[in-house]
Protein chains: 2
Amino acid sequence: MSFGQRIKELRENKKLLQRHLAASLEIDTPMFSKIERGERKAKREQVLKLAKLLETDVDELLTAWLADKIYDLVKDETTAVNAIKVAETTLKYSKIEKQL
Amino acid sequence: MSFGQRIKELRENKKLLQRHLAASLEIDTPMFSKIERGERKAKREQVLKLAKLLETDVDELLTAWLADKIYDLVKDETTAVNAIKVAETTLKYSKIEKQL
DNA sequence: TTATATTAGTCAAAAAATGACAAGTCTAAA
DNA sequence: TTTAGACTTGTCATTTTTTGACTAATATAA
């Protein structure tokens with residue numbers, strides 16, 4: 001499930017309107033609508049605020065948000081799957097290095 | 001191996017200088033140097049040109065280049081590994097959908 | 001209808017990426 | 001030890017992309 005879909009689901013569960021959350025994020029309703037539909041990407045700090053406002057796990061939202069960004073970056077590339085695998089490997093190695 | 005490292009390796013194998021490739025890409029030498037060291041990212045069209053100039057497989061370079069971009073996007077996130085997995089799954093599903 | 005919620009489209013402002021330029025380091029040959 | 005060439009560093013301007021506000025449109029419900 002995409003970040004926007006998840007936000008919408010959580011918002012509706014809490015019976016909140018777009019304008020409520022938009023106001024909390026200090027953006028207008030059209031902008032919030034676009035974030036919910038994936039037409040625009042939220043900023044990282046907005047994700048953090050939304051996790052609080054929606055009383056949900058911030059890591060769950062950050063994961064969905066970041067996954068959207070990765071997908072967006074690679075979706076038109078034929079080498080996407082390979083590149084993701086390479087990046088994942090690099091990431092794991094870099095984590096091991098940091099432990100040393 | 002990162003994109004920059006691979007470019008440098010291929011360039012040195014062919015006994016080319018940075019200024020040769022920089023000129024072909026119509027950028028200056030400092031800029032090329034930065035791309036090789038990963039301080040700046042190459043543009044997609046520059047990757048294509050480099051594959052021709054260095055007579056190497058374009059998909060190999062595109063993979064390394066894209067992997068760098070993904071790594072850059074996620075490297076500071078604690079949710080990086082999970083997000084990558086989610087993105088990979090989404091990607092695979094989107095490919096199946098396109099086949100229908 | 002009328003009011004409210006959401007979406008669509010356009011444009012300006014802000015932020016990030018890209019590149020040029022000047023000056024620096026490093027190495028090897030003279 | 002100079003000199004020349006290859007490469008790197010730092011800074012600034014330009015271009016491109018992202019973000020957001022605004023207006024207007026659509027949809028839905030009372």
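Here is how names work: the chains are called A, B, and so on, in the same order as the sequence lines, proteins then strands, and each is numbered from 1.
Taking atom CD of Glu36(A) as the reference point, atom P of dT6(C) lies 8 Å away to the nearest angstrom. The nearest whole Å value for the distance from the CD atom in Gln5(A) to the C1' atom in dT6(C) is 17 Å. Counting to the nearest Å, the P atom of dG10(D) and the CD atom of Glu39(B) are 8 Å from each other. Across the protein-nucleic acid pair, Lys15(A) atom NZ and dT6(C) atom P stand 13 Å apart, rounded to whole Å. Across the protein-nucleic acid pair, Leu17(B) atom CG and dA4(D) atom P stand 18 Å apart, rounded to whole Å. Summarising the geometry, the separation between CG on Leu16(B) and C1' on dG5(D) is reported as 16 Å, rounded to the nearest angstrom. Following rounding to the nearest Å, Lys8(A) (NZ) and dA5(C) (C1') show an atom-to-atom distance of 11 Å. Regarding Glu12(A), its CD atom lies at a distance of 14 Å from the C1' atom of dT28(D), rounded to whole Å.
At least one side-chain nitrogen or oxygen of Ser33(A) sits closer than 4.0 Å to the OP1 or OP2 atom of dT7(C). At dT6(C), none of the side-chain N or O atoms of Arg37(A) fall inside 4.0 Å of OP1 or OP2 (strictly under the cut-off). The side chain of Arg19(B) places an N or O atom within less than 4.0 Å of a non-bridging phosphate oxygen (OP1 or OP2) of dA6(D). Contact between the side-chain N/O atoms of Gln18(A) and the OP1/OP2 oxygens of dT7(C) is found at a separation under 4.0 Å. At the phosphate of dA5(C), neither OP1 nor OP2 sits under 4.0 Å from any side-chain N or O atom of Arg11(A).
Using modelled atom types, one side-chain atom of Trp65(A) and one backbone atom of Ala42(A) make a donor-acceptor pair closer than 3.5 Å.
A side-chain donor from one of Ser33(A) and Arg37(A) sits under 3.5 Å from a side-chain acceptor of the other.
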Contact state string [nucleotides 20-26 of chain D, B base, S sugar-phosphate only, - no protein heavy atom under 4.0 Å]: BBBB---
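Applying side-chain contact (heavy atoms from CB on, under 4.5 Å) to Leu10(B) and the options Leu21(B), Leu54(B), Leu16(B) leaves one that passes, Leu54(B). Under the salt bridge (Lys or Arg N to Asp or Glu O under 4.0 Å) rule, Glu36(B) has a single partner from Arg6(B), Arg11(B), Lys8(B), which is Arg11(B).
Phe32(B) is not listed as a side-chain neighbour of Leu17(B), based on a closest heavy-atom distance of 4.5 Å or more. For the pair Leu91(B)/Glu88(B), no side-chain contact is recorded, criterion being any heavy-atom separation below 4.5 Å from C-beta on.
Helical stems in DNA chain D, defined as runs of 3 or more consecutive Watson-Crick or G-U wobble pairs with donor-acceptor distances under 3.5 Å: C:1-30 with D:1-30.
Using a 4.0 Å cut-off between charged side-chain N and carboxylate O, Glu77(B) and Lys69(A) make no salt bridge. Salt-bridge check for Lys41(A) with Asp68(A): failed, with every basic side-chain N at 4.0 Å or more from each acidic carboxylate O.
Residue Arg44(B) is out of contact with every strand shown, counting any heavy-atom pair closer than 4.0 Å.
The NZ atom of Lys49(B) sits 15.0 Å away from atom CG of Leu61(B), with the distance rounded to the nearest 0.5 Å.
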